[in-house]
Amino acid sequence: MTAVRRLLQAWLATLKTIVCDTGVLLIMGLAPLIYGFFYPWPYSTQAVTRVPVAVVDLDHSNLSRQITRYAQASPRIEVQLITGDEHVAQQALWAGQIEGFALLPRDLKRDVLRGSPAIVTVQANGSYALLNKAVLYGFSESVGTVSAGIEIAKLEVAGQSALQAQASRSPINTQTVALFNPTEGYGSYVVPAVALLILQQTLLMGVGMLVGLWSETGQQRADAATWLGRLLAFCTVGWANGLLYFGWIFWLQDFPRGGNPVGALVLLACYVPAICGIGALLGIWFTDRERALQILLFTSLPVIFVSGFSWPSESLPPLLHSLRWLFPSTAGIQASLKLNQMGAPLADVANLLALLCLLALLSVGWLLWLTRLRKP
């Protein structure tokens, strides 16, 4: 039997085994599909709005009431409590009834009229970064809008026209545009990166389980053509899952996508074999079907932590900073964000793709050496 025929037979046999093995099919086939729909679901609103807050008004002037009205009109925050007692607002914050409050100090209007610095203090719940951001931005925009109106009014009193006053108050207008995350939402930030981790972890666990079963039953010993056919079957499933995410789920969930579709396909071509090779090596090492699932299931959090998108890689200990490149997800996430979201050319990620190819070649070569048929 020729090597090509043995390869094709092993490919078909492995695909049939994946389909017939309920556990492996659930991990490799259904889990990525389920994750693709349900993982982005909590982030569907993208940005946090209507965060409950309070206003502590110690000035009781028309200026403080104007700031309160602007805060009530802000889409970021929802004023649920207006009080003249700071202690009441603090108790509400500690009880979780609100996520922050603004303190309008006594003599706020008098200081503004005198031209003295007037300070509005904002306190927020720092335990949740997104809520904290919404509270700070909501109050700062409200106070800033009122402050701009006061400055323009003063310039008009000084003799400038309305247009001159606006130009004097803001001689250079700025406009902030988010290039690669237009909604500035948390979902568009986290899901495209985590999708690469989902592809890796489900593929690692599925391959590890099946190869671990082969190790239990003595089927790990095979010629190179048979093993290449098995790996090709694993890659076929991985490529299908990758195309599902890049081609449909990102579009369905309306995440940033399609910056460099050809580059994304090249990335998948390099990324999936690296995962399959390492997954097969782990299955040989575990020599047990269940152990692959038991161990790999708990590696997702540290792997995403060292990948460099959720935490600055420069802040990692030197040893972790070097070892993190052994995970295909590290190079895969960085390359995917550049290609699929930012539209970078392949030349900009050539080193990352080369690393993935190196991981694939080394892992597959090591696998073929460990599982080679030994002469009696």
Side-chain angles (χ1 to χ4, degrees), residues 39-152 169-170 174-178 181-191 193-194 305 309-312 315:
Y39 182 79
W41 184 32
Y43 314 120
S44 58
T45 56
Q46 291 281 9
V48 177
T49 59
R50 316 308 299 176
V51 178
V53 296
V55 175
V56 180
D57 188 356
L58 303 180
D59 191 42
H60 302 291
S61 63
N62 60 345
L63 178 60
S64 64
R65 288 190 291 271
Q66 184 182 12
I67 293 176
T68 301
R69 288 194 299 271
Y70 273 81
Q72 291 173 326
S74 173
R76 299 180 185 270
I77 54 180
E78 182 176 357
V79 179
Q80 295 190 348
L81 175 64
I82 302 175
T83 179
D85 188 345
E86 183 180 1
H87 181 69
V88 173
Q90 288 178 339
Q91 291 294 328
L93 178 61
W94 294 336
Q97 299 171 358
I98 60 174
E99 298 298 334
F101 64 89
L103 177 62
L104 307 180
R106 290 183 177 85
D107 301 326
L108 173 66
K109 182 177 180 180
R110 186 189 67 176
D111 291 341
V112 170
L113 293 176
R114 290 180 175 180
S116 303
I119 299 176
V120 174
T121 304
V122 177
Q123 297 186 30
N125 184 358
S127 302
Y128 301 96
L130 296 180
L131 299 179
N132 183 72
K133 175 185 175 181
V135 172
L136 296 179
Y137 274 41
F139 278 124
S140 64
E141 290 169 353
S142 302
V143 174
T145 302
V146 175
S147 176
I150 293 173
E151 292 181 35
I152 291 174
R169 196 267 166 186
S170 181
T174 59
Q175 183 178 3
T176 303
V177 178
N181 185 356
T183 62
E184 297 186 76
Y186 187 71
S188 295
Y189 156 69
V190 69
V191 174
V194 174
F305 184 78
F309 99 95
S310 63
W311 182 264
S315 300

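- Residues Ser140 and Tyr137 share a closest heavy-atom pair of OG-O, 3.0 Å.
- Closest of all the heavy-atom pairs between Thr49 and Pro75 is CB-O, 3.4 Å.
- Residue pairs satisfying the salt bridge (Lys or Arg N to Asp or Glu O under 4.0 Å) criterion with at least one member in residues 50-71, sequence neighbours excluded, are absent.
- The shortest heavy-atom contact between Ala118 and Val112 is CB-CG2, 4.0 Å.
- Summarising the geometry of Val51 relative to Val48, their closest heavy-atom pair is CG2-CG1, 3.3 Å, with the distance given to 0.1 Å.
- When the side chain to side chain contact (heavy atoms under 4.5 Å, CB included) test is applied to Val143, the partners found at least two apart in sequence or on another chain are Ile67, Val120.
- With values rounded to the nearest 0.5 angstrom, Glu99 atom CD is found 5.0 Å from Asn125 atom CG.
- The aromatic rings of His87 and Trp94 stand perpendicular to each other, their planes meeting at an angle above 60°, with 30° marking the opposite boundary.
- With rounding to the nearest 0.5 Å, the separation of NZ in Lys109 from NE2 in His60 is 14.0 Å.
- With values rounded to the nearest 0.5 angstrom, Lys133 atom NZ is found 7.0 Å from Arg76 atom CZ.
- Distance check, rounded to the nearest 0.5 Å: OG of Ser74 to CZ of Phe139 gives 8.5 Å.
- Other residues, nucleotides and ligands place more than 12 heavy atoms under 6.0 Å from the OH atom of Tyr39.
- Annotation: the span from Leu136 atom CG to Glu141 atom CD amounts to 11.0 Å, rounded to 0.5 Å.
- A 4.5 Å side-chain heavy-atom check between Glu86 and Leu103 finds at least one atom pair inside the cut-off.
- Looking at Leu104 and Leu58, their side chains never come closer than 4.5 Å, going by heavy atoms from C-beta outward.
- Distance check: Ile77 CD1 to Phe101 CZ gives 13.5 Å after rounding to the nearest 0.5 Å.
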Derivation of the side-chain contact (heavy atoms from CB on, under 4.5 Å) call for Val122 and Val135: CA-CA 8 Å; Val122 177; Val135 172; 4.1 Å; yes
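- Nearest heavy-atom pair, Val56 versus Ala89, reported as atom, atom and distance to 0.1 Å: CG2-CB, 3.4 Å.
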